[in-house]
Structure formats: C-alpha cells, structure tokens
Chemist: 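A single structure is presented below for examination.
Below, each value reflects all heavy atoms present in this structure, side chains not excepted, and no hydrogens, waters or symmetry copies. A note on names: the letters A, B, ... follow the listed sequences, proteins ahead of strands, and every chain is numbered from 1.
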Number of protein chains: 2
Amino acid sequence: MSHTLGIRQVQKRKTRQAFLDAALALLEEQSLSSLGLREVTRAVGVAPTAFYRHFRSTADLGVALVDEALGSLHPMVRTTVSTTGDSEERITGAIELIARHVGAYPAHVRFIARERHGGVQPVREAIREQLARFAEEVKAELAKDPEAAGWNDDDLLMLAHLYVDQMLITASLFLEALEAPEDERERVTQLAIRQLRLISIGRSHWLD
Amino acid sequence: MSHTLGIRQVQKRKTRQAFLDAALALLEEQSLSSLGLREVTRAVGVAPTAFYRHFRSTADLGVALVDEALGSLHPMVRTTVSTTGDSEERITGAIELIARHVGAYPAHVRFIARERHGGVQPVREAIREQLARFAEEVKAELAKDPEAAGWNDDDLLMLAHLYVDQMLITASLFLEALEAPEDERERVTQLAIRQLRLISIGRSHWLD
DNA sequence: TCATCCAGTTAACAACTGTTCTCTGGAATT
DNA sequence: AATTCCAGAGAACAGTTGTTAACTGGATGA
C-alpha cells in the first residue's frame, strides 16, 4: 500500500512548499490581500507563470496556508483539553503549550490572527470552519468531564467557543511579546492564566 | 471663544472627510495594506496629488480612521459599564448596545476587527492604544462597584481586558450575522449573553 | 525505444502604482 | 488694492501588476 512518488511529483511538492514558505515569510509585514503573485514567485526564484501550476490565485494559496497552519493542530487541542489532573495544572499546561507553539511557529500564528478578519473572503471562511471544528472538538472533550453533568449542548458549545477565542487572544498576546524581554512574556502568561481561571470558576458555578 | 473657520478650512475638512469615507467603503472588501492612494482619490473624484495635502500615506489615513472609529466611543463604554441595576439587565443592555452600534457603523467595526492584527504597524499600534484606554476605563468603573471589594489592581485590569476582548468578539459575530436572517442574529445575541453571564459568575466567585 | 505529458520558461500585453515638479485661481492677509 | 498663501490640477517618471500564448526538455508510460 506504500505509494512511492515519482521524481516529478516530488519536485512539484517541493516547489509548492517553497511557495507556501515564501508567502508566509512575506506575510509577516503585510496582509494577504496585498500579496502579489509576482512577489511570491520572485521570492521563490521562479517564473511568474509557474505560480498557476500550483494555485489558481493568491486567495487559493491563502486557503492552503490555513490548512497548513491549523490542520495539524486538532490532535494537540484534543489531548490538551482532555488531560487529566488538577484544574490549575490543566490551565498552566494549556497556556504553556500555547506559548511553546507561538515560539515554534510564529508566522503561522500571525497569519491566522491577521487573516481571520482579513480582506479575503475564502480565507476567512476557511479559518472560520477550522475554528468551528476546534470548538466542536473541545465541546466533545468537555462533555466527558464529570463537571459537565447537567449541562446542555448549547451551553457546552458556548463554553467551548469561549475557550477557543481565549486561546487565540492568548496566542496573539504571546506573538506581540515574542521579541520583548522575558518578564513581559511572564506578565502575559500570568494574565492568561488568571483569565482562564476566572472562566473556569464561572464554569464550576454555572448551574448554581 | 467660538472659533469660526474660514471657507478654506471648511472645504479642506470636507475633502478630508470624503477621503475617510471613501477609504472606509473601499476597505469593506480588502485590507489597508492593499489600499492604494490612487484608488482612494479616484473614489473621491480628485487628483492623486491632492491626497498628500491631507495624509502622508495610506497608513496615516488608517490611523485617522482608527480615531474616527474608536475615539468617540469612550463615553459610551463608560456609561454602559457603570449603569446601575441587576447584573442580568446590565448584560443584556451591553449586548444590545453592541448590536445597535454594529448595525449603525458596520464599516467602522469591520475596519477595527480587520486592522487590529492587520499588516500596517502604525495602525495596529493605534488600535492597541485605544483598546488599552478602554480597558483602563472599564477597570476604573469596575473599581467603583461594591463587588470589587478585595480585588487588587492587576486582577481588575485582567477582568477589564476580558470584557473588552469579549466586546470585540461579539461585535465581530454581529457583523458576520448582519445580512443573515433575524434568527441567526438572535442566536448570536443569546450566545453573547451566556458568555458574559459565565464571566460574571466567575467574577462573583473570584475571591472564594 | 518512442510518443505523451507537464512543471517551469520566455515574451509580450495593457493597466496600474507612488511620487516629483510645476502651475493655477480663489481665499486670506496686509 | 496689492500681496501672499495653499488646496487641488496636470503631466510625466520609472516600476509594478495579473494574465495570455507559445515554447522547452526531462520524466513517464506504452
């Protein structure tokens, strides 16, 4: 069942990845709606027309970037939410995971934060879908927790969305603090932890 | 102390406002970093060079738009937070106010949501400053509430930021639901109310 | 071995961009 | 009444943009 790719397909994949990498780099200081096709091909070191062998448009490339940035993140979210242990441990664990991820893939995080409300409709839509999937997955994990007894589906999804949004806000804060001194990042960490803690408290008294 | 403006200054202000209006309209389907100077002057019906009489660059225009969109909003936020009454009444009141504002100034709201993490640094900075001011003001109002007894300054500011971010998330959801049928907007309203309610519950048990 | 395929190239297109310098005509100042 | 000021116009600049068509040459499959 192994699927050995020919030289041709391997080369094509490599070029395609070069497009994604170059675009992501260029998008650190501009939005997708101002990203030019020629700009990307120039950065890759390839003729402008080669672009069309891989993408219909820059919007199409943007959608591919959304998949790259968020597609592989679902398992991580699931395991993070479902981790057993003290509520406080889970909070600090989640925040540290976010901090680590932002440190490892800052350009991806920046891209998602920027284009979530950006000027390119298909990309906004793709991000919206992925975040909705995250919320559904978080909801499914929350439902397993004994604390979810008595909660209805709507309220669980409401809480899940709160967590997902909070995750993005925190990621964006870490991104801004990336180049800042260590104590600024520590400040962000403490802020994020307390916000999550307050939500957690609200959660545990929801049915009072 | 009345300051009557001459014909010249009145006309200049009018043209400047025309630039802001035209730009805001063009920004409904693109980001500021792709907004061209000529594009704006064409929409206003004026020569490209006239732009420089009012703004140094499109980034400069963007900063002016931030002030227009958020500058006049501070009194509204203050009075909303400080409104007396049942906690539940204050929540529904705040959400309805947001819904009304989004309905009245959708382009402004879209602009802020889009450029908060957008590709133009001075504009991001201007938005960040305004939101920080909002948080400080919300914090000041929260501090007056008897429920704030025993809270330290850091925690009050943490809560204030949570409210401000939640305000933006809600506004963005209303924006997406603007053209949608009435029941979708009602769904958003109910979601926002419950999220605010959960935060409010967390707040009241924070010191337990 | 030979015909087919197809990722990437080359050349050309009309249209667009930001910015400069020079000019104009009516408002503002003296 | 004479002078200064200045918002906007006009023309020109060198570069840029997306998209088309026709091509090349090495990998692929018969």
Chemist: Is atom CD of A/Glu182 surrounded by more than 12 heavy atoms (other residues, nucleotides or ligands) closer than 6.0 Å?
Modeler: yes
Chemist: What verdict does the side chain to side chain contact (heavy atoms under 4.5 Å, CB included) test give for B/Tyr163 and B/Arg203, after you've listed the backbone C-alpha separation in whole Å, the side-chain angles of each residue and the deciding distance to 0.1 Å?
Modeler: CA-CA 11 Å; B/Tyr163 277 133; B/Arg203 176 189 176 193; 3.8 Å; yes
Chemist: Return yes if a side-chain donor-acceptor contact under 3.5 Å exists between A/Gln195 and B/His161, otherwise no.
Modeler: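 A/Gln195 vs B/His161: no donor-acceptor pair found between side chains.
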Chemist: Tell me whether B/Gln11 at atom CD has more than 12 heavy atoms from other residues, nucleotides or ligands lying less than 6.0 Å away.
Modeler: yes
Chemist: Classify every nucleotide of nucleotides 22-30 of chain C by which part a protein heavy atom approaches to under 4.0 Å, writing B for the base, S for the sugar-phosphate alone and - for neither, in 5'-to-3' order.
Modeler: ----BBS--
Chemist: Would you say CD of A/Gln17 has more than 12 non-hydrogen atoms from neighbouring residues, nucleotides or ligands within 6.0 angstrom?
Modeler: yes
Chemist: Measure CZ/B/Phe51 against P/D/dG8 and give the value in whole Å, please.
Modeler: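 After rounding, the gap between these two atoms is 13 Å.
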Chemist: Indicate, yes or no, whether a donor-acceptor pair under 3.5 Å links the base of C/dT20 to the side chain of B/Thr49.
Modeler: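 No, the side chain and the base share no sub-3.5 Å donor-acceptor pair.
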Chemist: In residues 14-38 of chain A, which residues come under 4.0 Å of DNA chain C by heavy atom?
Modeler: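 A/Thr15, A/Arg38 - these, ordered by number, are the residues of the stretch whose heavy atoms sit under 4.0 Å from the strand.
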Chemist: Any ion pair linking A/Asp155 and A/Lys139 (charged N to carboxylate O, less than 4.0 Å)?
Modeler: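 So A/Lys139 does not pair with A/Asp155 through a salt bridge.
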Chemist: Would you kindly say whether A/Gln30 and A/Glu39 are connected by a side-chain donor-acceptor distance under 3.5 Å?
Modeler: yes
Chemist: What stems involve DNA chain D, if each pair must be Watson-Crick or G-U and both of its distances must be under 3.5 Å, with 3 or more such pairs in a row?
Modeler: C:1-12 with D:19-30, C:14-17 with D:14-17, C:19-30 with D:1-12
Chemist: Which heavy atom of B/Leu26 sits nearest to which heavy atom of B/Val40, and what is that distance?
Modeler: CD1-CA, 4.0 Å
Chemist: Let me see the working for A/Leu178 and A/Phe174 under side chain to side chain contact (heavy atoms under 4.5 Å, CB included), right down to the final yes or no.
Modeler: CA-CA 6 Å; A/Leu178 252 192; A/Phe174 275 124; over 6 Å; no
Chemist: Separation of B/Phe55 atom CZ from C/dG18 atom P, in whole Å?
Modeler: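 Distance check: B/Phe55 CZ to C/dG18 P gives 15 Å.
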Chemist: A/Arg13 CZ to C/dA7 P: how many Å, rounded?
Modeler: 13 Å
Chemist: Map B/Pro48 and A/Ala50 onto DNA chain C by nearest heavy atom, then report which one ends up closer to the 5' terminus.
Modeler: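 The 5'-side residue here is A/Ala50.
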Chemist: Using a 4.0 Å heavy-atom cut-off, does A/Arg42 contact any base of the nucleic acid, only the sugar-phosphate backbone, or nothing at all?
Modeler: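 The residue A/Arg42 makes sugar-phosphate contact but no base contact.
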Chemist: Are the side chains of B/Arg128 and A/Glu176 in touch, meaning some heavy atoms are under 4.5 Å apart?
Modeler: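 Yes, their side chains come closer than 4.5 Å.
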Chemist: Between B/Gln11 (CD) and D/dC6 (C1'), how many Å, whole number?
Modeler: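 These atoms are roughly 13 Å apart.
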Chemist: Does the side chain to side chain contact (heavy atoms under 4.5 Å, CB included) test come out yes or no for B/Arg16 and B/Arg53, once each step is laid out?
Modeler: CA-CA 9 Å; B/Arg16 185 191 141 98; B/Arg53 299 285 176 197; over 6 Å; no
